[in-house]
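What follows is a single structure, written as structure tokens, with notes after it.
All residue numbers in this chain count up from 1 along the given sequence.
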Amino acid sequence: MLYEAPVDNLKCLMRSCTVLSRSGLYRFFSSQLTQAQVDFLINALASQRVLDIDEQDYELIWFHRMGLKTSRLRPEYVKAKIRAFWVIARVGCDAILDVTSLDHPMQFSFIANTLDENGEERYIPYDIAVCNTVDIAKTVVVSAYIVGGRDYAEDEFINYTDAIGATPEAVAAVIRAGNE
């Protein structure tokens with residue numbers, strides 16, 4: 001990620017994502033930190049009022065809004081963000097440069113670094129959407145066409161939609177929309 005210190009990366013990540021699951025954070029930082037160390041950072045940042053631990057669901061960690069009068073996300077959006085973050089968590093903090101929250105129906109955009117066939121480092125952007133209805137899947141495809149054209153929508157969005165565990169109907173809608 002952007003910073004050398006894991007605590008700064010956690011703050012940056014939470015600022016971008018608003019709400020994440022504790023288990024997703026464990027997975028994301030697993031190459032650098034133990035679960036106990038992640039818990040320590042979460043608790044330290046919560047005591048500094050940078051993060052909030054959900055009162056009803058200990059698993060959820062929220063970015064603290066510093067006294068701003070903003071309501072929390074609706075439960076269905078929280079679920080979508082948590083599901084989408086698992087893709088990022090599986091990639092891990094060593095390969096992620098930055099994460100940005102996107103507007104519905106998209107959840108996140110992130111930049112991952114990888115080595116190309118010549119051994120040179122490349123940075124590749126990815127977008128993640130959780131498509132649990134046909135209408136959301138169609139909206140994502142239209143957005144992909146607007147952003148990157150037909151090839152981008154077919155090659156990238158179908159793969160990531162499927163990877164997150166979209167319903168078969170939603171994946172079929174994406175494929176149909178891509179062929180229209």
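Taking T100 as the reference, nothing meets the side chain to side chain donor-acceptor pair (under 3.5 Å) condition, with sequence neighbours excluded. For S30, there are no side chain to side chain contact (heavy atoms under 4.5 Å, CB included) partners at least two apart in sequence or on another chain. Judged as a ring-ring contact (aromatic ring centres under 6.0 Å, His included), and not counting sequence neighbours, F29 has no contacts. Every residue two or more places apart in sequence or in another chain that forms a side chain to side chain contact (heavy atoms under 4.5 Å, CB included) with E55 is listed here: R72. In this structure, E59 has no salt bridge (charged side-chain N to carboxylate O under 4.0 Å, His left out) partners at least two apart in sequence or on a different chain. Remark: F40 engages no residue in a ring-ring contact (aromatic ring centres under 6.0 Å, His included) (not counting sequence neighbours). Scored by the side chain to side chain donor-acceptor pair (under 3.5 Å) test, K11 finds no partners at all (sequence neighbours excluded). Applying the side chain to side chain contact (heavy atoms under 4.5 Å, CB included) test to A5 and every residue at least two apart in sequence or in another chain returns V7, D8. With sequence neighbours excluded, no residue satisfies side chain to side chain donor-acceptor pair (under 3.5 Å) with S47. For E121, the side chain to side chain contact (heavy atoms under 4.5 Å, CB included) criterion is met by N113, L115, Y123, not counting sequence neighbours.
For the atom pair I61 CD1 and L13 CG, the distance stands at 12.0 Å (nearest 0.5 Å). Note: L33 CG to C93 SG = 7.0 Å, rounded to the nearest 0.5 Å. Separation of atoms CG (D52) and CG (L45) is listed at 11.0 Å; rounding is to 0.5 Å. Rounded to the nearest 0.5 angstrom, I111 CD1 and I96 CD1 are separated by 9.5 Å. Residue I128 holds its CD1 atom at 7.5 Å from CZ of F108, rounded to the nearest 0.5 Å. In this structure, CG on D57 lies 5.5 Å from CG on D54, to the nearest 0.5 angstrom.
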For side chain to side chain contact (heavy atoms under 4.5 Å, CB included), just list the numbers for I82 and L60, CA-CA rounded to whole Å, side-chain angles, deciding distance to a tenth of an Å, and then say yes or no. CA-CA 9 Å; I82 299 299; L60 294 180; 3.9 Å; yes
Using the rule given for side chain to side chain contact (heavy atoms under 4.5 Å, CB included), can you reason through T18 versus W62, listing the C-alpha separation, both sets of side-chain angles and the distance that settles it, and then say yes or no? CA-CA 6 Å; T18 308; W62 295 83; 4.3 Å; yes
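Looking at L20 and C17, their side chains come closer than 4.5 Å, going by heavy atoms from C-beta outward. The side-chain heavy atoms of H64 and L51, taken from C-beta on, include no pair separated by under 4.5 Å. Between F63 and V19 the shortest side-chain heavy-atom distance does not fall below 4.5 Å.
Shortest non-hydrogen contact noted between V99 and S16 is O-OG, 2.9 Å. Taking every heavy atom of both residues into account, L25 and M14 meet most closely at CD1-SD, 4.3 Å. The shortest non-hydrogen separation linking V130 to Q107 is N-OE1, 2.7 Å. Minimum heavy-atom separation, Q32 to Q37: O-OE1, 4.1 Å. The nearest pair of heavy atoms linking K81 to L102 is NZ-O, 4.1 Å.
Sorted by first and then second residue, the pairs that involve residues 72-92 and meet ring pair (Phe, Tyr, Trp, His ring centres under 6.0 Å), not counting sequence neighbours, are F28-F85, Y77-H104. Within the structure, salt bridge (charged side-chain N to carboxylate O under 4.0 Å, His left out) contacts touching residues 22-42 (residues at least two apart or in different chains) are R22-D39.
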